Amino acid sequence: MSRPSTSSPFRLSGRALSLKPSATVAVTSRALELRRAGVDVISMSVGEPDFDTPPHIKAAAIRAIEAGKTNYTPVNGLPELREAVSAKFARENGLHYAPEAVTVTSGGKQALFNAFFALLNPGDEVLIPAPYWVSYPEMVALTGAVPVPVPTTPESGFQLDPGELEARITPRTRMVVLNSPGNPTGAVFPPEVLEAVAALAQRHGLMIVTDEIYEHLVYDAEQVSIGRYAPDHTLTVNGASKAYAMTGWRIGYAGGPREVIAAMNALQSQSTSNASSVSQYAALAALTQPAETARFTEQARRAYRERRDHIVAGLNALGLPTPTPQGAFYVMADTGRLHPDELEAARLLLEQARVAVVPGTDFAAPGRVRLSYATSLESIGEVLRRIAGVLEH
């Protein structure tokens with residue numbers, strides 16, 4: 001009689017094992033434990049709007065459901081939605097992508113994922129300004145390519161220096177990833193910087209993947225799409241989540257060279273297929289009723305700006321140096337006064353102040369934590385009071 005095998009019936013792939021564990025997991029898990037125990041923890045870690053999806057967008061989704069528009073759509077999105085995205089790019093960004101050069105995805109993250117797998121090969125190098133959103137280097141690494149951080153400084157407001165970018169270009173460099181306005185810094189790259197980066201891309205034959213998901217949340221700067229300066233070298237990624245408070249609807253989109261879009265569509269056809277049909281009809285309403293949508297985005301932008309000013313002034317007054325972000329809804333605070341290690345500082349804020357923040361570890365921002373001000377002024381005021389209480393002891 002044969003003995004049953006004691007070996008594992010599975011073996012995880014090297015690709016899955018290569019993913020780095022998040023440095024924020026321990027803090028997040030502890031915050032959940034405290035909340036389950038009834039502790040009043042204020043979360044400043046969530047990267048999504050605290051506004052509800054606008055009524056005209058929700059109404060369009062309801063109409064789609066009632067009309068039975070719940071079937072598969074083309075892999076690359078409803079034709080009328082791609083036409084609306086094309087018109088949006090022209091109207092708001094000065095970009096001219098035909099509907100055939102547009103794709104609709106299940107969130108902006110999928111558009112990025114598809115783009116990296118369509119454009120990168122093992123060993124390619126990808127320049128990413130740092131601090132950066134945690135998913136950029138991980139997605140790049142999954143393709144076998146190599147993420148190369150390009151440092152920015154808090155003294156400059158985390159502005160990108162094109163010279164620093166060019167200094168890291170090698171024969172293996174294939175791509176530059178930009179995020180402006182940026183997560184986690186809120187930096188908005190000015191037109192002259194974008195022009196310089198576009199010129200570098202053209203000179204060195206590089207592709208630019210620009211994530212403009214926070215484009216409507218800009219306060220003291222001019223938001224410009226780099227695709228205006230190097231259209232043949234640029235893939236522009238955007239989506240409905242931040243501008244229209246549609247994070248859970250999962251609608252992203254991208255426009256760029258037709259060959260790149262075709263490759264992204266082929267990848268999507270073998271993975272998720274189309275984005276949710278109902279969500280697509282909701283996004284269509286957001287893009288084809290611009291006056292109603294603009295009223296919402298302006299209301300949200302004014303609220304975020306007021307919150308930004310309040311939290312930046314408060315953190316600096318507490319001796320936690322915090323540059324003023326020009327966009328998005330995050331601040332990056334220097335926590336040296338709490339603890340030189342950002343993970344320990346985040347733990348202290350959670351355990352003693354009952355405030356959940358994201359340590360800068362995975363953002364390539366040592367000594368800093370990210371706080372989201374996508375919350376009420378009252379909550380921001382309470383957070384500042386709690387942090388002050390910890391600093392006083």
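Atom set for the values below is all heavy atoms of this structure, side chains included, hydrogens, waters and symmetry mates excluded. Quantities reported herein were computed from a predicted structural model and do not represent experimental measurements.
Gln223 and Gln326 share no donor-acceptor pair across their side chains, judged by distance under 3.5 Å alone. In summary, the side chains of Thr53 and Trp249 do present a donor paired with an acceptor at a separation below 3.5 Å, with no hydrogens or angles considered. No side-chain donor-acceptor contact under 3.5 Å links Thr105 and Gln110. Using modelled atom types and a 3.5 Å distance limit, the side chains of Thr335 and Glu342 yield no donor-acceptor pair. In summary, the side chains of Asn183 and Arg370 do present a donor paired with an acceptor at a separation below 3.5 Å, with no hydrogens or angles considered. Inspection of the His216 and Glu92 side chains reveals an N or O donor paired with an N or O acceptor under 3.5 Å. There is a side-chain donor-acceptor pair under 3.5 Å between Ser225 and Glu212. With no hydrogens or angles considered, no side-chain donor-acceptor pair links Glu100 and Asn76 at under 3.5 Å. A donor and an acceptor atom, one from each side chain of Glu125 and Thr170, are located under 3.5 Å apart.
The two residues Ala286 and His56 have their closest heavy-atom pair at CA-NE2, 4.4 Å. Scanning all heavy atoms of the two residues, the minimum distance from Thr153 to Ser156 falls at O-OG, 2.9 Å. When all heavy atoms are compared, the tightest approach of Val312 to Pro325 is CG2-CD, 3.8 Å. The minimum heavy-atom distance linking Val126 with Ala145 is given by the pair CG2-CB, 4.4 Å. Closest non-hydrogen pair, Ser372 versus Val46, comes out as OG-O, 2.9 Å. Between His233 and Gly205, the shortest heavy-atom distance links the atoms CE1-CA, 4.2 Å.
Both Phe189 and Val148 are members of a single hydrophobic cluster when ILVMFWY side chains are connected at heavy-atom separations under 4.5 Å. Cluster annotation: Leu217 and Phe296 are assigned to the same hydrophobic cluster (Ile/Leu/Val/Met/Phe/Trp/Tyr, side-chain heavy-atom contacts under 4.5 Å, transitive). In the hydrophobic cluster analysis, where Ile, Leu, Val, Met, Phe, Trp and Tyr join through side-chain heavy atoms closer than 4.5 angstrom, Tyr244 is grouped apart from Ile213. In this structure, Leu32 is not a member of the same hydrophobic cluster as Leu348, with clusters built from ILVMFWY side-chain heavy atoms closer than 4.5 Å. Under the 4.5 Å side-chain contact rule for hydrophobic residues, Tyr330 and Leu318 share a cluster.
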**Request:** Would you please test Leu194 and Tyr229 for side chain to side chain contact (heavy atoms under 4.5 Å, CB included) and show each step?
**Result:** CA-CA 8 Å; Leu194 297 177; Tyr229 305 121; 3.9 Å; yes
**Request:** Quick one: do Arg228 and Glu195 satisfy salt bridge (charged side-chain N to carboxylate O under 4.0 Å, His left out)? Show the steps, please.
**Result:** CA-CA 9 Å; Arg228 293 170 58 178; Glu195 284 191 85; over 6 Å; no
**Request:** Take Val104 and Leu78, measure what side chain to side chain contact (heavy atoms under 4.5 Å, CB included) needs, and give me the verdict at the end.
**Result:** CA-CA 8 Å; Val104 177; Leu78 292 164; over 6 Å; no
**Prompt:** For Met175 and Leu127, what are the C-alpha separation, side-chain angles and deciding distance, and is it a side chain to side chain contact (heavy atoms under 4.5 Å, CB included)?
**Reply:** CA-CA 6 Å; Met175 181 185 291; Leu127 304 180; over 6 Å; no
**Candidate pair Val197 and Leu165, rule side chain to side chain contact (heavy atoms under 4.5 Å, CB included), full reasoning** = CA-CA 8 Å; Val197 173; Leu165 193 75; 3.9 Å; yes
**Asked** salt bridge (charged side-chain N to carboxylate O under 4.0 Å, His left out) between Arg308 and Asp220: does it pass, once the steps are laid out?
**Response** CA-CA 11 Å; Arg308 177 205 66 170; Asp220 307 311; 2.6 Å; yes
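Judged by distance alone, with hydrogens and angles left aside, the side-chain atoms of Arg174 form a donor-acceptor pair with the main-chain N or O of Pro171 at under 3.5 Å. Of the possible polar contacts, none joining the Arg337 side chain to the Leu320 backbone as a donor-acceptor pair under 3.5 Å is found. Side chain of Tyr97 to main chain of Ala254: no donor-acceptor pair is present (N/O by atom type, distance under 3.5 Å, no hydrogens or angles). A donor-acceptor contact shorter than 3.5 Å is absent between the side chain of His204 and the backbone of Leu206. In this structure, Arg368 contributes its side chain and Gly360 its backbone to no donor-acceptor pair below 3.5 Å. Counting only distance, with no hydrogens or angles, the side chain of Asn179 and the backbone of Pro181 share a donor-acceptor pair below 3.5 Å. Under a 3.5 Å cut-off, the side chain of Asn274 and the backbone N or O of Pro74 do not form any donor-acceptor pair. Although no hydrogens or angles enter the test, the distance criterion places a donor-acceptor pair under 3.5 Å between the side chain of Gln159 and the main chain of Val188. Remark: side-chain polar atoms of Asp124 are paired, donor with acceptor, to backbone N or O of Asn121 under 3.5 angstrom. A distance-only check finds no donor-acceptor pair linking the side chain of Glu164 to the backbone of Val150 [under 3.5 Å].
The aromatic ring centroids of Phe329 and Tyr214 lie less than 6.0 Å from each other. Residues Phe89 and Tyr253 bring their aromatic ring centres within 6.0 Å. Between Tyr132 and Phe158, the ring center distance fails the sub-6.0 Å criterion.
Using a cutoff of 4.0 Å between basic side-chain nitrogens and carboxylate oxygens, Glu215 and Lys242 are not scored as salt-bridged. Salt bridge Arg301/Glu298: present, at least one basic N to carboxylate O contact under 4.0 Å. Salt-bridge annotation for Arg307 and Glu378: absent, with no side-chain N of the basic residue lying under 4.0 Å from a carboxylate O of the acidic one. A salt bridge is absent between Glu66 and Arg63; no separation between the charged side-chain nitrogens and carboxylate oxygens falls under 4.0 Å. Under 4.0 Å is where a charged nitrogen must lie from a carboxylate oxygen, and between Lys109 and Asp211 no such pair does.
When each of Arg35, Arg386, Arg354 is paired with Asp40, the salt bridge (Lys or Arg N to Asp or Glu O under 4.0 Å) condition holds for Arg386 and for no other.
Side-chain contact between Pro149 and Ile128 is absent, with no heavy atoms from C-beta onward closer than 4.5 Å. Here the side chains of Leu235 and Thr210 are not in contact, with every heavy-atom distance at 4.5 Å or above. The closest side-chain heavy-atom distance from Val140 to Val146 is not below 4.5 Å. Within the 4.5 Å cutoff, no side-chain heavy atoms of Ile261 are placed close to those of Val102. Between Glu155 and Pro321 there is no side-chain heavy-atom pair separated by less than 4.5 Å. Inter-residue side-chain proximity for Pro231 and Thr234 is flagged as unmet; no heavy-atom pair is nearer than 4.5 Å.
The number of heavy-atom neighbours closer than 6.0 Å to CZ of Arg168, taken from other residues, nucleotides and ligands shown, is above 12.
Between Leu12 atom CG and Ser18 atom OG the span is 11.5 Å, to the nearest 0.5 Å.
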